[in-house]
**Q** 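Quick one: the structure is below, questions incoming.
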Amino acid sequence: MSSTEDLDYPQILFQYNNGFLVSKVMFTACELGVFDLLLESEGPLSSDAIAERLGTSATGMERLLDACVGLKLLGVEIKTFYRNTQVSNLYLTKSSPKSQYHNLMYYSKTIYLCWHYLTDAVRDGRNQYERAFGVSSKDLFEALYRSEEEMIKFMYGLNAIWSICGKDVIAAFDLSPFTLIYDLGGCAGGLAQECISLYPNSTVTIYDLPKVVQMAKERFVSAEERRITFHEGDFFKDPIPEADLYILARILHDWADDKCMQLLAKVHKSCKPGGGVLLVETLLNEDKTGPLETQLFSMNMLVQAEGKERTPTEYSTLLTAAGFREIQVKKTGKLYDAILGRK
Ligand code: SAM
Ligand code: ASE
């Protein structure tokens, strides 16, 4: 037992017990626009002024702001004036280029509701769309995109992380020899944009389901960035065009091994000789003892998808079985890592 562990007062247990209270305080402050207001205001604001501007109760706002101070998401000046900290200015305001606002909102509005059924998910060994939302579809992405609003929340929510981790995964390997790149399941294009800015001589095509591609064109990828092209299709059912490199970012973790095999075999067939595949995923330690964040994400794949997070060896095995060779694993030190396989 380490000196910080005291069995008469189990700090760690209280901390874990209150974990979701912490999340909810941050989500709520974000949703109400506290950080946006404090960014726009010239100086620090009083609790009453914030409550009035955001249309909330004075008593509720004061408690929320004080909890945010405890979380170091806000600071106080001359006792009752609140200001953003550097972290909240950079990541919790909507207008920041590195904003995680949409990611937090997806957690608060969708993931939180799914996790209500975590016990059922563990019992059943599968996602809980039927229990949580009354969705009976067997098709995973029909359930994930159960309404257009839900699809948009997902696209915004998942795109946000690439403003923080995108460069590292794209720069993990020299991708300059690959000039024709397909981002399979490329979604809102956040990673494709990082790819284009690092490799301006390559073309990047986002391959995704038709309604996702239409929304990406409409709302996410601006006209100047039309060096990014689009391809509407279902990567399980429709042809995958020939290319030098296929990026699969957070695709394999959605699916069980048999579906991953089916997809990778198809990608291998379409891949030009000398080409490759780049997997972008969060990697478990070989003995699965961590990282904690990845273990939690794997639980999320249980409640929200059909897959799991995997170890480097598990991904290498899948790639090898599909015919890829010279597999290289690069840990970035951030949330997402990169694995390159060659044909
Ligand atoms: N690559 C993106 C990222 O990491 O931000 C998005 C990952 S998201 C978890 C999975 C993506 O695969 C979604 O954009 C989804 O629409 C797409 N997708 C799922 N099934 C698909 C299919 N059968 N054909 C093409 N795209 C599919
Ligand atoms: C998926 C990725 C995610 C499917 C559902 C998802 C994410 C959230 N929900 O492929 C992003 C990763 N974050 C977590 C908590 O898993």
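Atoms within each ligand, like the ligands themselves, are counted from 1 in listed order. In this chain, numbering begins with 1 at the start of the sequence shown.
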**Q** Identify the closest protein heavy atom to atom 15 (C) of ligand 1: which residue and atom is it, and at what distance?
**A** Tyr145 OH, 3.1 Å
**Q** Could you tell me whether Lys259 and Asp254 have a side-chain N and a carboxylate O separated by less than 4.0 Å?
**A** no
**Q** Give the ring-plane orientation class for Phe154 versus Phe141, where under 30° counts as parallel, over 60° as perpendicular and anything between as tilted.
**A** perpendicular
**Q** Can you confirm whether Tyr156 sits close enough to Met105 that some side-chain heavy atom of one is under 4.5 Å from a side-chain heavy atom of the other?
**A** no
**Q** Which atoms of ligand 1 have any heavy atom of Val212 under 4.0 Å away?
**A** 16 (O)
**Q** Given side chains that start at C-beta, do those of Arg250 and Leu158 come closer than 4.5 Å, heavy atoms only?
**A** yes
**Q** Assigning hydrophobic clusters by single linkage (Ile, Leu, Val, Met, Phe, Trp, Tyr; side-chain heavy-atom cutoff under 4.5 Å), is Leu140 placed with Val303?
**A** yes
**Q** Is the closest N or O pair between Asp183 and ligand 1 shorter than 3.5 Å?
**A** no
**Q** Determine, using heavy atoms of Gly233 and all atoms of ligand 1, whether some pair is separated by less than 4.0 Å.
**A** yes
**Q** I need the atoms of ligand 1 closer than 4.0 Å to a non-hydrogen atom of Phe236, numbered in the order shown.
**A** 23 (N)
**Q** Please state which option from Arg250, Glu309, Glu306, Gln304 has its nearest heavy atom closest to atom 6 (C) of ligand 2.
**A** Gln304
**Q** Short list, please: which atoms of ligand 1 are under 4.0 Å from a heavy atom of Phe154?
**A** 8 (S), 9 (C)
**Q** Give me the residue, atom name and distance of the protein heavy atom closest to atom 13 (N) of ligand 2.
**A** Phe297 CE2, 3.4 Å
**Q** Would you check the N or O atoms of Arg250, main chain and side chain alike, for any that come under 3.5 Å of an N or O of ligand 1?
**A** yes
**Q** Is the contact between Tyr336 and ligand 2 made by the side chain, the backbone, both, or neither, using heavy atoms and a 4.0 Å cut-off?
**A** side chain
**Q** Report yes or no: is the cationic atom of Arg146 (NZ for Lys, CZ for Arg) closer than 6.0 Å to the six-membered ring centre of Tyr129, at no more than 45° off its axis?
**A** no
**Q** Atoms of ligand 2 less than 4.0 Å from Met301 heavy atoms?
**A** 1 (C), 2 (C), 3 (C), 4 (C), 5 (C), 6 (C), 16 (O)
**Q** Do Ser46 and Thr80 meet the criterion of a side-chain donor-acceptor pair at a distance under 3.5 Å?
**A** no
**Q** So which heavy atom in the protein is nearest atom 7 (C) of ligand 1, and how far is it from that ligand atom?
**A** Ala249 O, 3.5 Å
**Q** Do ligand 1 and Gly186 have nitrogen or oxygen atoms that lie under 3.5 Å from each other?
**A** no
**Q** In the single-linkage hydrophobic clustering (I, L, V, M, F, W, Y; side-chain heavy atoms under 4.5 Å), do Ile161 and Leu90 co-cluster?
**A** no
**Q** Yes or no: does Trp255 have any heavy atom under 4.0 Å from an atom of ligand 2?
**A** no
**Q** Which residue holds the protein heavy atom closest to atom 23 (N) of ligand 1, what is that atom called, and what is the gap in Å?
**A** Asp234 OD1, 2.8 Å
**Q** Starting from the C-alpha separation in whole Å, work towards a yes-or-no answer on salt bridge (charged side-chain N to carboxylate O under 4.0 Å, His left out) for Lys269 and Glu242.
**A** CA-CA 9 Å; Lys269 220 173 178 180; Glu242 187 182 67; over 6 Å; no
**Q** Given Val213, Asp208, Ile247, which has its nearest heavy atom closest to atom 17 (C) of ligand 1?
**A** Asp208
**Q** Between Trp162 and ligand 1, does any nitrogen or oxygen pair lie at a separation below 3.5 Å?
**A** yes
**Q** Between Val329 and Leu318, is there shared hydrophobic-cluster membership here, with clusters defined by ILVMFWY side-chain heavy atoms closer than 4.5 Å?
**A** yes
**Q** Under 4.0 Å, heavy atoms only, figure out whether ligand 1 is touched by the backbone of Val280, its side chain, both or neither.
**A** neither
**Q** Quick one: does ligand 1 sit under 4.0 Å from the side chain of Phe235, the backbone, both or neither, non-hydrogen atoms only?
**A** both
**Q** Should the proximity of Ile251 to ligand 1, defined as any heavy atom under 4.0 Å, be assigned to the side chain, the backbone, both, or neither?
**A** side chain
**Q** Treating Asp208 as the side-chain partner and Val213 as the backbone partner, does any N or O pair qualify as donor plus acceptor under 3.5 Å?
**A** no
**Q** Test of understanding: clusters of I, L, V, M, F, W, Y form through side-chain heavy atoms closer than 4.5 Å, transitively. Do Leu104 and Leu54 belong to the same one?
**A** yes
**Q** Could you tell me, atom by atom, which parts of ligand 1 come under 4.0 Å of a heavy atom of Cys187?
**A** 2 (C), 6 (C), 14 (O)
**Q** What residue and atom, counting heavy atoms only, is the protein's closest point to atom 15 (C) of ligand 2, and at what distance?
**A** Tyr107 OH, 3.1 Å
**Q** Find out whether the Lys NZ or Arg CZ of Lys153 is both under 6.0 angstrom from the six-membered ring centre of Tyr106 and within 45° of the ring's axis.
**A** no
**Q** Would you check, one step at a time, whether the test ring pair (Phe, Tyr, Trp, His ring centres under 6.0 Å) holds for Trp162 with Tyr336?
**A** CA-CA 9 Å; Trp162 300 127; Tyr336 289 104; 5.3 Å; yes
**Q** Give the atom numbers and elements of ligand 2 that come within less than 4.0 Å of a heavy atom of Tyr106.
**A** 9 (N)
**Q** Closer than 3.5 angstrom, by distance alone: can the side chain of Asp183 be matched with the main-chain N or O of Ile206 as a donor-acceptor pair?
**A** no
**Q** Is there a donor-acceptor contact under 3.5 Å from the side chain of Asn84 to the main chain of Leu74?
**A** no
**Q** Give the atom numbers and elements of ligand 2 that come within less than 4.0 Å of a heavy atom of His253.
**A** 1 (C), 2 (C), 10 (O)
**Q** Does ligand 1 come near enough to Trp255 that some N or O of the ligand is less than 3.5 Å from an N or O of the residue?
**A** no
**Q** Looking at ligand 1, would Leu191 count as a contact under a 4.0 Å heavy-atom criterion?
**A** no
**Q** Checking contacts here: is it the side chain or the backbone of Tyr336 that comes within 4.0 Å of ligand 1, counting heavy atoms only? Could be both or neither.
**A** neither
**Q** Kindly indicate whether a cation-pi arrangement holds for Lys266 with Phe236, taking the cut-offs as under 6.0 Å to the six-membered ring centre and within 45° of the axis.
**A** no
**Q** Got the closest protein heavy atom to atom 14 (C) of ligand 2, with its distance?
**A** Asn300 ND2, 3.3 Å
**Q** Among all protein heavy atoms, pick the one closest to atom 7 (C) of ligand 2 and tell me residue, atom and distance.
**A** Leu158 CD1, 3.9 Å
**Q** In ligand 1, which numbered atoms sit nearer than 4.0 Å to a non-hydrogen atom of Asp254?
**A** 9 (C), 10 (C)
**Q** Does the gap between the ring centers of Phe14 and Tyr9 come in under 6.0 Å?
**A** yes
**Q** Specify side chain, backbone, both or neither for Ile161, according to which of its non-hydrogen atoms lie closer than 4.0 Å to ligand 2.
**A** neither
**Q** List the closest protein heavy-atom neighbour of atom 11 (C) of ligand 1: residue, atom name, distance to the nearest 0.1 Å.
**A** Gly185 O, 3.5 Å
**Q** Considering the heavy atoms of Asp254, write down every atom of ligand 2 situated less than 4.0 Å from one of them.
**A** 1 (C), 4 (C), 10 (O)
**Q** Aromatic rings Phe324 and His268: how do their planes relate, parallel, tilted or perpendicular, breaks at 30° and 60°?
**A** perpendicular
**Q** At a 4.0 Å threshold, what atoms of ligand 2 neighbour a non-hydrogen atom of Phe154?
**A** 4 (C), 5 (C)
